[in-house]
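Okay, structure first, notes after.
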Amino acid sequence: MLLSVNSMQKMLTIISNVLKGSASKNGAASEVARVVAARTYADFTAEATFDVKKCDTHRLDDAPPTKSVLTREDALKYYRTMQVIRRMELKADQLYKQKIIRGFCHLSDGQEACAVGIEAGIKPTDHLITSYRAHGYTYTRGVSAREILAELTGRRGGCAKGKGGSMHMYANNFYGGNGIVGAQVPLGAGVALACKYLDTDQVCATLYGDGAANQGQIFEAYNMASLWKLPCIFICENNKYAMGTSVERSSASTEYYKRGDFIPGLRVDGMDILCVKEATKYAADLCRAGKGPIVMELQTYRYHGHSMSDPGVSYRTREEIQEVRSKSDPISLLKDRMLANNMASVEELKEIDVQVRKEIEEAAQFATTDPEPPLEELCNHIFYNDAPLEVRGTLPWTKLKSIS
Amino acid sequence: MDEELERDERVFLMGEEVAQYDGAYKVSRGLWKKYGDKRIIDTPITEMGFAGIAVGSAMAGLRPICEFMTFNFSMQAIDQIINSAAKTYYMSAGLQSVPIVFRGPNGHSAGVAAQHSQCFAAWYGHCPGLKVLSPWSAEDAKGLLKAAIRDDNPVVFLENELLYGVAFEVSEEAQSKDFVVPIGKAKVERQGTRITLVSHSRYVGHCLDAAAVLAKEGIECEVINLRSIRPLDMETIESSVAKTNHLVTVEGGWPQFGVGAEICARIMEGPAFNYLDAPVIRVTGVDIPMPYAKILEDNSVPQIKDIIFSVKKSLNI
């Protein structure tokens, strides 16, 4: 019987996994498992092609590809990034319940494939702006989990020195983090205007939720972006609920990818990181070719309630949440694909999980021990590039100093 | 604006009718012909949208001038001005600046009735993170606008429709391409010794007219042109009050929580209180929506005689 190299590899992996599984019960077998594991480590699939769901289109003659090529390197990177976001959000949940994080805290666990998939589809020199559910995007745009958690706990080591909080985190080519529902959409169109004005080939990914999708200013932005052909990717992260109001109760039309009317649109499986990546790349290419804007609707789901003050079960069933968790979890979907195609081993992914947990623990440690901002900082950063000015304090004779 | 457009390629103008119509009040006449579609942009009638787009473009490296046909329409966009522009540098702890100018006519005009006549000096002057300017003379308008465009922060520039048609003498110095007036500094338009008159925009002219009448009676008024609503130059006002011991403020806006109210509060809190020989008198617009009929409108805003009466009341004459 002839065996192909591929099936040999598969067999070895299966043997290795079985042995590893029993290694904890049988000490002797673990030696063999390690030897077998070491041998298969170098034989992982370097690259595999996956089927992704075809996107529904609006006013488009073609669509993003239904096949996505994924390298082992990228797969591990995406897996790790999604895990960081997941664990970081869960850590924020924990810190909020301990009252170490205050005010608003809107978590995005369940929606990891959106942030990571979009980032995979654009370049670091492109731009991105989103709403207040921004922690994941702050991470994918380059801010460390450490600085994000420290901003949530209001410490001087936070990415906005403790002055912004959950909804106001910024980075290079990342314009927040915006608290007013929908206001970020015209802002994003403005960033796209700057990209075009300055003759770059950059695009702006402008995100908003299903709740914001009915805002008048979004339609104003659609109109101007279309008139002036701005390189703007309008992305609606549809997680089915705006606070406690389901899409059916808020929107006369829930086909958010068509709401741009004269603007072409795509409806994308937001739980599949490869689908998001391919669609984003397609949209970005369209914009770079001067054919923008475009609207993309990502169908996704949030496990947490709207914010930490919402248990999230008065307007939806626990069964629904559980069903999404078990059938469509974005991290599980990627993991299953990787394992089924021998792109990584269970051990390797477990090792990543351990590392991520450690990273988040260290970040939380920093976020809970770093001191709060000094009072001298209170009035700084009112104006940029300005002479120091005097700011009135709570009392008429209190003159506080503000430097740029 | 022409000089600043020429000086810096990142500067551009957007608003309703600014391009092909040459500006609703002809302020941008000739600019579209000279600079074209890229830099002089006609917008649809969507204030919230285009103000947001202007702010976003400023965040990404441009230097927009966002025109409101009048500041009454800025109310539709006020969230973008305050929450997206004014507060961002602070919220980001210095990571994200917003170099933008919002400009347009403010305050009452002639016969345009209640929805088109509001003065927004107090509303915008209330907010940290904004600079708010209110020019009176042509020199003010030019120097302050250039300063505003060159400033790296959000500036609200309150023009006045009735002043667009008034001619002013302009000095040699003011005609230079780099003539800039410092933001936050008031100007003493007329030296005086008996009483201080403080005003902004159109009413500076009224104060000077009142001062001319009073001079004939031997009362020499010092007239201060605020130029800047935020920051407010209290130092110039306080130095003047230390000299004259009497203060009258004059504004077109409503009295409650207005510019005059703020000046009164700060005079009380500062050293000038001890120099006052009489309470500060505020001359303001009448506390009503602006009526249409000419006789009603004329009596809804400060007149020169109101300023003269206030001076005499303060001096107990």
Side-chain angles (χ1 to χ4, degrees), chain A residues 127 129 158-165 167-173 175-180 183-195 197-198 204 206 216-225 227-228 230 373 377 379-386 389-392 396-397 404, chain B residues 9-10 12 14 37-39 41-62 64 66 76-77 79-80 82-100 128-131 151-154 183-184 231 265-266 268-270:
Chain A
H127 307 260
I129 189 171
C159 56
K161 302 194 167 95
K163 290 171 117 175
M167 301 183 289
H168 308 296
M169 303 194 206
Y170 298 80
N172 198 28
N173 295 348
Y175 306 86
N178 287 274
I180 308 295
Q184 74 275 17
V185 178
L187 292 181
V191 172
L193 184 132
C195 293
Y197 185 107
L198 295 169
C204 184
T206 302
Q217 59 185 317
I218 292 185
F219 294 89
E220 296 187 14
Y222 284 163
N223 180 43
M224 286 181 271
L227 264 181
W228 302 333
L230 302 182
E377 280 278 320
C379 299
N380 291 345
H381 308 119
I382 296 287
F383 293 128
Y384 172 55
N385 203 16
D386 230 38
L389 65 128
E390 232 168 47
V391 170
R392 190 206 203 264
W397 49 84
S404 274
Chain B
E9 277 187 3
R10 299 167 299 170
F12 72 99
M14 67 189 290
D37 287 332
K38 176 176 164 178
R39 303 190 65 199
I41 304 176
D42 275 336
T43 62
I45 308 173
T46 51
E47 275 78 3
M48 196 168 185
F50 73 69
I53 284 178
V55 174
S57 76
M59 290 179 172
L62 300 184
C66 177
Q76 306 217 303
D79 175 64
Q80 296 288 4
I82 308 299
N83 281 320
S84 301
K87 297 179 183 172
T88 294
Y89 192 66
Y90 186 86
M91 291 192 296
S92 67
L95 286 178
Q96 181 66 67
S97 63
V98 186
I100 187 168
L130 284 182
K131 298 187 184 184
D151 200 299
D152 291 328
N153 298 285
I183 291 177
R266 291 214 213 169
M268 257 218 322
E269 292 176 346

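Every chain is numbered from 1, with letters handed out A, B, ... down the list of sequences.
Ranked by heavy-atom pairs under 4.5 Å with chain B, the first of His127(A), Met167(A), Lys161(A), Met224(A) is Met224(A). Ranked by heavy-atom pairs shorter than 4.5 Å toward chain B, the options Met169(A), Gln184(A), His168(A), Glu377(A) are led by His168(A). If you tally non-hydrogen atom pairs under 4.5 Å between each of Gly176(A), Gly164(A), Ala183(A), Cys379(A) and chain B, the highest count goes to Ala183(A). In terms of heavy-atom pairs under 4.5 angstrom with chain A, the leader among Gly270(B), Gly184(B), Ala60(B) is Ala60(B). Each of Ile53(B), Ile41(B), Asp37(B) has some count of heavy-atom pairs under 4.5 Å with chain A, and the biggest count is that of Ile53(B). Between chain A and the residues Ala51(B), Ser57(B), Pro64(B), the largest count of heavy-atom pairs under 4.5 Å involves Ser57(B). Ranking Asn223(A), Leu198(A), Asp386(A) against chain B, the residue ahead of the rest is Asp386(A), based on heavy-atom pairs under 4.5 Å. Counting heavy-atom pairs closer than 4.5 Å to chain A, the top-ranked of the candidates Asn83(B), Asp79(B), Asp151(B) is Asp79(B). Options Leu193(A), Asn385(A), Asn173(A), Ile180(A) differ in how many heavy-atom pairs under 4.5 Å they form with chain B, and the most are formed by Ile180(A).
Across all their heavy atoms, Leu187(A) and Ser84(B) have their closest contact at CD1-OG, 3.8 Å.
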Acceptor/donor pairs from residues 90-99 of chain B side chains to any protein atom, 3.5 angstrom cut, sequence neighbours excluded:
unit_1, atom_1, unit_2, atom_2, d
Tyr90(B), OH, Leu378(A), O, 2.7
Ser92(B), OG, Thr88(B), O, 3.0
Ser92(B), OG, Tyr89(B), O, 3.3
Ser92(B), OG, Leu95(B), N, 3.2
Ser92(B), OG, Gln96(B), N, 3.0
Gln96(B), NE2, Met59(B), O, 3.0

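The contact between Cys159(A) and chain B is made entirely by backbone atoms, counting heavy-atom distances below 4.5 Å. Heavy atoms closer than 4.5 Å to chain B are found in the side chain of Trp228(A), but not in its backbone. In this structure, chain B has a heavy atom under 4.5 Å from the side chain of Leu227(A), while its backbone stays farther away. Heavy atoms closer than 4.5 Å to chain B are found nowhere in Asn172(A), neither backbone nor side chain.
The distance from atom CG of Asn153(B) to atom CZ of Phe383(A), rounded to the nearest 0.5 Å, is 5.5 Å.
By the 6.0 Å contact criterion, CD on Glu269(B) is enclosed, its count of non-hydrogen atoms from other residues, nucleotides or ligands being greater than 12.
Looking at Arg10(B) and Tyr197(A), their side chains never bring a donor and an acceptor atom within 3.5 Å of each other.
In terms of the side chain to side chain contact (heavy atoms under 4.5 Å, CB included) criterion, residue partners of Glu47(B) (sequence neighbours excluded) are, by chain and number, Glu16(B), Ile45(B), Phe50(B), Phe68(B), Phe73(B), Gln76(B), Ala77(B).
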